[in-house]
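To keep things clear, I will list the structure first and then write my remarks on it.
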Number of protein chains: 2
Amino acid sequence: MRWMALEVMKTPRSAQTPKKLDDAARAAWLAYVAGKTQDEIARLLGVSRQSAQRLVSQAMQAGLVKVRIDHPISTCLDLSARLQDRFGLALCEVVPALSSEAEAGQAVAHRLADLIEDRLSAEAPVTLGIGTGRTLRAAVEHLPRIDCPQHRIVSLTGNVAPDGSTSYYNVLFTLGEKVTAQTFPLPVPVIASTQSERDALLGQSTLAPALRLAHGAQFRIMGIGTMDSAAPILRDGFVDDATLTRVRGKGAVGEIFGFPFDGEGALIDDEVTGRVCSVALTTESAVERIAAAHGRSKVPALRAAIAGRLISGLITDENTAASLLGP
Amino acid sequence: MRWMALEVMKTPRSAQTPKKLDDAARAAWLAYVAGKTQDEIARLLGVSRQSAQRLVSQAMQAGLVKVRIDHPISTCLDLSARLQDRFGLALCEVVPALSSEAEAGQAVAHRLADLIEDRLSAEAPVTLGIGTGRTLRAAVEHLPRIDCPQHRIVSLTGNVAPDGSTSYYNVLFTLGEKVTAQTFPLPVPVIASTQSERDALLGQSTLAPALRLAHGAQFRIMGIGTMDSAAPILRDGFVDDATLTRVRGKGAVGEIFGFPFDGEGALIDDEVTGRVCSVALTTESAVERIAAAHGRSKVPALRAAIAGRLISGLITDENTAASLLGP
DNA sequence: TCTGCTCTCGGGCATTTACTCACTTTCCGC
DNA sequence: GCGGAAAGTGAGTAAATGCCCGAGAGCAGA
């Protein structure tokens, strides 16, 4: 329960009183649906103009206001259709291009949040498996609070950083808390130091339920890691430079959950592969495997993951989509 | 085809070139989803700030931008739950109160448009039956252009005004054109001058397909008419003052499709009832019968329609909902 | 080719919104 | 009850937005 306490500490007052949020929602409704100015809203609600402004901005902050553009921007639609067609993706979403990669990341994260929300809005219980990554982290930030206790969220990779910190937990628990779903962490490192350590770690009986759930997750959200000098598994200290260079020498162009794969999306035959403490990758089409990734550096890894059917769905931006289709 | 020509004449250039709408959608996306200022949008799109502003506003105008507030305003939710519970309504939506009845009307119409859009977004072909009324007319204005040629839209009441004008057609055809669905008008008056005229009119073999469709419509949108001095059937000239006074004397508190009913929602036994050229009212729960209405004057008619199960769903505003629940 | 017409563009300005800052209130723990 | 911190409040101001207008481009018909 330590992490819960942490969560609570991190957001001491953000759990607004319902009455306030109610007013915020009403103000936002008046502003966006009824098209009132903040002055009019203030008068209607009997507060000052500034307070009305505050209410509207709180509603935005709280993610109460959802905007969707009801028109497929043709180039995006076209790119997405071509990606689906060329690579046999079951799902492909392309968001419009933006000036910077960081912004594109936000946009992709936003779209991913929408997708998660959609999948979790199902009545029937869903087991959602999640990996790691910035995009997923950002997506969870954008997710509104929804109530769906019927679902379960399970980590598909280890949640412990090499320094023993549990920062990786946050995404899982924040997500779980936001949607009031049960969460199942995997309190092991992403990559163990030896294969026998890996076997011992995953053999712990307390992990059995989480692992069982993870294997059965119908909906997986996965991050795509590069294998260049900015490789997340290197940066996070799960592998050292020598190991990275070695697997790259064997053709590794990317990794998912820590598993390195080559340009065809086939797992690299290396000792490090045997040390990965994650749930095995699957190519079963019954499992929805969504990757959200963007940026030029991700292109080779994405190409490979798609080629190897390691992912069944992709959310990306216009530029990355164009690169994927390009030569 | 006369009305089509009329339609085209009425909107000479509003059928924007797709490219323009595409830019508009992109601008709107940047503005609302990415949260860019119009200055930034202008720079990204390589146009002037004013043009960017124009694009965004065009996107709004075209109904491309959909905003939804993802938080049930508790009083509205509460009212709707109580209405559903007390009166056994299958569906009940309550929009927040506004200062004027006209604005409330807009809000209700907006919500009705959302509902129509939702129902028409189904893959399976739907037969949508529509009545008349300001609210429906306003809702159609708010409806975005969507492509669902699998659906059919049929008029449940006559479409000809007593002066022979066909203004009533507009709602049907505008709706049909917006969603690219087939439309089936009922080119007869709402109320014939004699019962035998009614029988002759409805007996026309050319009307048989439309009438058949109308009877089978799974989803009906109906207006609720009052029987006071502002009664639409009086204003539109379908009945004279004497007739109105007479049926009111027999207990009529409202009408749907021209059929007058009493406080219990039972049809009034009067010769005028036999002259109504509309599709019979039904209380079958398999048929979704949505009324969108608001305003103090509508309350008695609404109460009666609900009591008689003439409608299965209601969209209204906070004030009207409170009145319905009140003493 | 010219003329008249509409459409679009960009400048300027009024309105509206977002944000900062100083102040008040409220809610804690002591 | 008291001190302190955090949240809320209202004024003022900078930024952003919406809108009107005149100018110029594109186009149909004479």
Side-chain angles (χ1 to χ4, degrees), chain A residues 5-67 69 98-100 103 106 142 145, chain B residues 5 7-67 69 71 98-99 103 106 142:
Chain A
L6 261 166
E7 245 332 283
V8 171
M9 281 177 62
K10 273 181 59 184
T11 56
R13 305 276 168 152
S14 87
Q16 314 266 4
T17 147
K19 167 82 179 123
K20 259 268 132 34
L21 260 192
D22 215 78
D23 283 348
R26 187 176 286 260
W29 189 90
L30 290 165
Y32 292 100
V33 182
K36 301 259 161 212
T37 82
Q38 297 182 349
D39 251 315
E40 296 172 300
I41 297 169
R43 221 169 310 126
L44 281 165
L45 263 53
V47 297
S48 71
R49 193 184 64 74
Q50 291 88 335
S51 301
Q53 197 275 332
R54 243 165 242 132
L55 285 173
V56 174
S57 104
Q58 273 165 26
M60 300 233 56
Q61 194 101 37
L64 263 49
V65 182
K66 283 281 165 50
V67 183
I69 307 298
L98 282 158
S99 40
S100 76
E103 290 177 318
Q106 286 297 306
H142 285 132
R145 292 182 181 274
Chain B
E7 249 329 289
V8 171
M9 280 179 64
K10 271 179 64 184
T11 57
R13 304 276 168 152
S14 87
Q16 314 266 4
T17 147
K19 169 80 180 126
K20 259 268 128 43
L21 259 191
D22 213 77
D23 283 347
R26 186 176 286 261
W29 188 90
L30 290 164
Y32 292 100
V33 182
K36 301 261 162 212
T37 81
Q38 298 184 348
D39 253 313
E40 297 172 297
I41 297 170
R43 219 169 312 123
L44 282 165
L45 265 54
V47 298
S48 71
R49 191 188 67 78
Q50 290 85 341
S51 301
Q53 198 274 332
R54 244 167 243 132
L55 285 173
V56 174
S57 103
Q58 273 164 24
M60 301 234 55
Q61 194 100 38
L64 263 47
V65 182
K66 282 281 164 51
V67 182
I69 306 298
H71 182 90
L98 283 157
S99 41
E103 289 176 318
Q106 287 295 306
H142 285 133

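All chains are named by letter (A, B, ...) in the order of the sequence lines, taking the proteins before the strands, and each is independently numbered beginning at 1. Just so it is clear, the model here is predicted, and its values are computed rather than measured.
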Double-helix bend of the helix from C:dT1-D:dA30 to C:dC30-D:dG1, axes at both ends from 5 pairs, round to 10°, gives 40°
Which heavy atom of A:Ala25 sits nearest to which heavy atom of B:Ile69, and what is that distance? O-CG2, 3.9 Å
Any side chain to side chain donor-acceptor pair (under 3.5 Å) pairs touching residues 40-49 of chain A, not counting sequence neighbours? A:Ser48-A:Ser51
Would you list the pairs meeting side chain to side chain donor-acceptor pair (under 3.5 Å) in which at least one residue belongs to residues 27-36 of chain A, sequence neighbours left out? A:Lys36-B:Glu103
Sequence neighbours excluded and cut-off under 3.5 Å, please list the side-chain donor-acceptor pairs for residues 59-67 of chain B, or say none.
| residue | atom | partner | partner atom | Å |
| --- | --- | --- | --- | --- |
| B:Lys66 | NZ | A:Asp70 | OD2 | 3.1 |
| B:Lys66 | NZ | B:Glu117 | OE1 | 2.9 |
| B:Lys66 | NZ | B:Glu117 | OE2 | 3.4 |

Can you check the A:Leu45 CG to D:dG10 P distance for me, whole Å? 13 Å
Annotated protein contacts, base or backbone, on nucleotides 11-24 of chain D with a non-hydrogen cut-off under 4.0 Å, one of B, S, - each: BB---SBB------
Report the residues that fulfil side-chain hydrogen bond (donor to acceptor under 3.5 Å, both in side chains) with A:Gln38, sequence neighbours left out, ordered by chain and then residue number. none
Go through it in stages, so that I can follow the logic: the residues are A:Leu55 and A:Ile41, the test is side-chain contact (heavy atoms from CB on, under 4.5 Å), and I'd like the CA-CA distance, side-chain angles, deciding distance and then a yes or no. CA-CA 10 Å; A:Leu55 285 173; A:Ile41 297 169; over 6 Å; no
If a pair satisfies salt bridge (Lys or Arg N to Asp or Glu O under 4.0 Å) and one of its residues is in residues 52-63 of chain A, list it, with sequence neighbours excluded. none
Just do the side-chain contact (heavy atoms from CB on, under 4.5 Å) check on A:Val47 and A:Asp23 with the steps written out, would you? CA-CA 11 Å; A:Val47 297; A:Asp23 283 348; over 6 Å; no
